[in-house]
Amino acid sequence: FVSLLMDLSVAGVTFAISRRAAELGASATQLGWLGAVWIGVYAVVALVMGRYSDRVGRRKLAIIGCLISGSMAFVCSLTTQIGWLLLFSAVFGSGLACFWPSIIAWLGEGLGGHKLAARLTAFGVAWNLGLLLGFILSGVLFRHGPNLAFYASASSILLIAILLLLPARQLENNIESPNTDPAPSIPKGRGFRKTAWLANFATNFALAGTTALFPQLAMHVGISADVHGALLAAGRGAALAAFVALQLLAFWRTRLWPLWVAQLACAASLMWIGLATTTWMFAAAWIVGGAVSGYVYQASIYFTLEEMTEKGKGSGFHEAIIGTGMFAGPVLAGWVGSHHSLRAPYFFCAAVLVLLIVAQMALVWIRRHSAATA
């Protein structure tokens, strides 16, 4: 439930910042930096806080993160200056970096195999449902008053801090139950974890870049704030469906080719956005991208927590990879948009994604070739 509430709040803050900036006349470069700074800070801080949670405790660090991010969600409502929004969003990202690695490691304690996959499915459904609801509600709230999305997000994060204090003892008892699951099914020494990490970086680079620049394109084609929010929500709905489907299917835990096929589909959807002119065309692209992002995220977090014994360290690295992709994508896509055309960033992100798929294949081939000749 706290995962649902946190990503509901993240959707509210990030949507309101980017939409407000676009309506203030922000350039593609400025939109790119607004979409990148908070997650760039998140990526760096998450590396440290994931390991720190192994020592000081998950709950304490998560509550500190709530206090930081909640206060920044409120402070963002007090300015319309892009420079201040950049600064406040950066501090917002540092608060999230205390929260998410702690929660993810907490959820993975003492579990493996099918039980770990089942818990991660519930977690994935929760935070994707939060993003879905957050984008819908934020679009509606923003249309009635730009500050309302910030107020709602700050209130939700405050509620998270309270909830983490109240049921903490029961949660600790539940997650420390011994793992009686069968041995993990991941083939060892074949590059599954590192391939999934690179895939996670690639999809987050591409999708974050297009999401950051989309407010400008949405305004150009006449898409209102509430419809804009609904399009993003459609992508999260598709990701949610992917999480549920992955729990019912086990083949993805022992094969890598589905990761590559899924990313190719995502690249095609980004090119589709670059050509789209109607709402249904944009919706189709967001749905494909959302489904792929859900699959790649689940593969990365599952392989990480299954293979690594230091859960905090592993979850911190997993989140840092996501943050790095979500930082680099908006910055570079914003640069391309400023120096070329309104739709050029979508083709650029698709091209980068294809190149990174080739890099993943090369990584696996080199690893397996080395193992065969050793």
Side-chain angles (χ1 to χ4, degrees), residues 3 6-7 9-11 13-14 17-18 29-58 60-73 75-76 82-106 108 127 131 157 193-194 196-209 211-212 293 296-297 300-301 304-305 308 310-335 349 352 356:
S3 299
M6 181 56 85
D7 264 345
S9 303
V10 170
V13 172
T14 56
I17 287 176
S18 64
T29 299
Q30 289 174 318
L31 286 174
W33 278 105
L34 281 169
V37 164
W38 72 274
I39 197 66
V41 171
Y42 174 85
V44 174
V45 179
L47 276 176
V48 178
M49 291 303 164
R51 300 185 184 199
Y52 194 55
S53 73
D54 285 331
R55 298 197 300 270
V56 304
R58 321 292 190 197
K60 182 188 300 183
L61 200 56
I63 293 172
I64 292 173
C66 288
L67 296 177
I68 297 172
S69 56
S71 62
M72 288 302 103
V75 170
C76 281
I82 293 175
W84 283 111
L85 288 173
L86 276 169
L87 175 62
F88 297 150
S89 66
V91 182
F92 177 75
S94 69
L96 295 179
C98 296
F99 178 84
W100 279 122
S102 302
I103 293 296
I104 292 170
W106 202 353
W127 69 260
L131 286 179
I157 296 174
R193 175 163 48 93
K194 292 181 179 178
W197 282 350
L198 186 53
N200 213 3
F201 171 84
T203 53
N204 278 284
F205 177 100
L207 292 172
T211 300
S293 71
V296 174
Y297 177 93
S300 176
I301 193 172
T304 298
L305 294 180
M308 297 187 69
E310 296 176 282
K311 305 299 182 185
K313 178 181 177 180
S315 62
F317 199 83
H318 163 82
E319 290 296 296
I321 289 170
I322 293 175
T324 303
M326 292 180 70
F327 171 80
V331 170
L332 294 179
W335 184 88
C349 288
V352 171
L356 289 174

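Residue numbers count from 1 along this sequence. Small disclaimer: the values here were computed from a predicted structure and weren't measured.
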Go through V75 and W84 one step at a time and tell me if the side-chain contact (heavy atoms from CB on, under 4.5 Å) criterion holds.
CA-CA 10 Å; V75 170; W84 283 111; over 6 Å; no

Ring geometry between W197 and F317 (parallel below 30°, tilted from 30 to 60°, perpendicular above 60°)
tilted

Does any non-hydrogen side-chain atom of V10 lie less than 4.5 Å from one of W38?
yes

Can you tell me how far the CD1 atom of I321 sits from the CE atom of M326, to the nearest 0.5 Å?
14.0 Å

Nearest heavy-atom neighbours spanning M72 and F92
CG-N, 3.7 Å

Enter the distance from S9:OG to L131:CG here, rounded to the nearest 0.5 Å.
10.0 Å

Closest approach of P101 to Y42 (non-hydrogen atoms, all atoms of both residues)
CD-OH, 4.1 Å

Between L61 and Y52, what is the shortest heavy-atom contact and its length?
CD1-CD2, 4.0 Å

V41: which of I39, V45, V44 passes side chain to side chain contact (heavy atoms under 4.5 Å, CB included)
V45

What are the two closest heavy atoms between L86 and W33, and how far apart are they?
CD2-O, 3.6 Å

Between the main-chain N or O of V91 and the side-chain N or O of S94, is there a donor-acceptor pair closer than 3.5 Å?
yes

I157 and M6, any side-chain heavy atoms less than 4.5 Å apart:
yes

Okay, side chain of S300, backbone of V296: is any donor-acceptor separation there less than 3.5 Å?
no

Please say whether more than 12 non-hydrogen atoms of neighbouring residues, nucleotides or ligands are located less than 6.0 Å from CH2 in W127.
yes

For P330 and G325 the tightest heavy-atom approach is CD-O, 4.3 Å

To the nearest 0.5 angstrom, please state how far the CG atom of L87 sits from the CD1 atom of I82.
14.0 Å

Kindly give the heavy-atom pair with the smallest separation between F327 and A36, and that separation in Å.
CD1-O, 3.0 Å

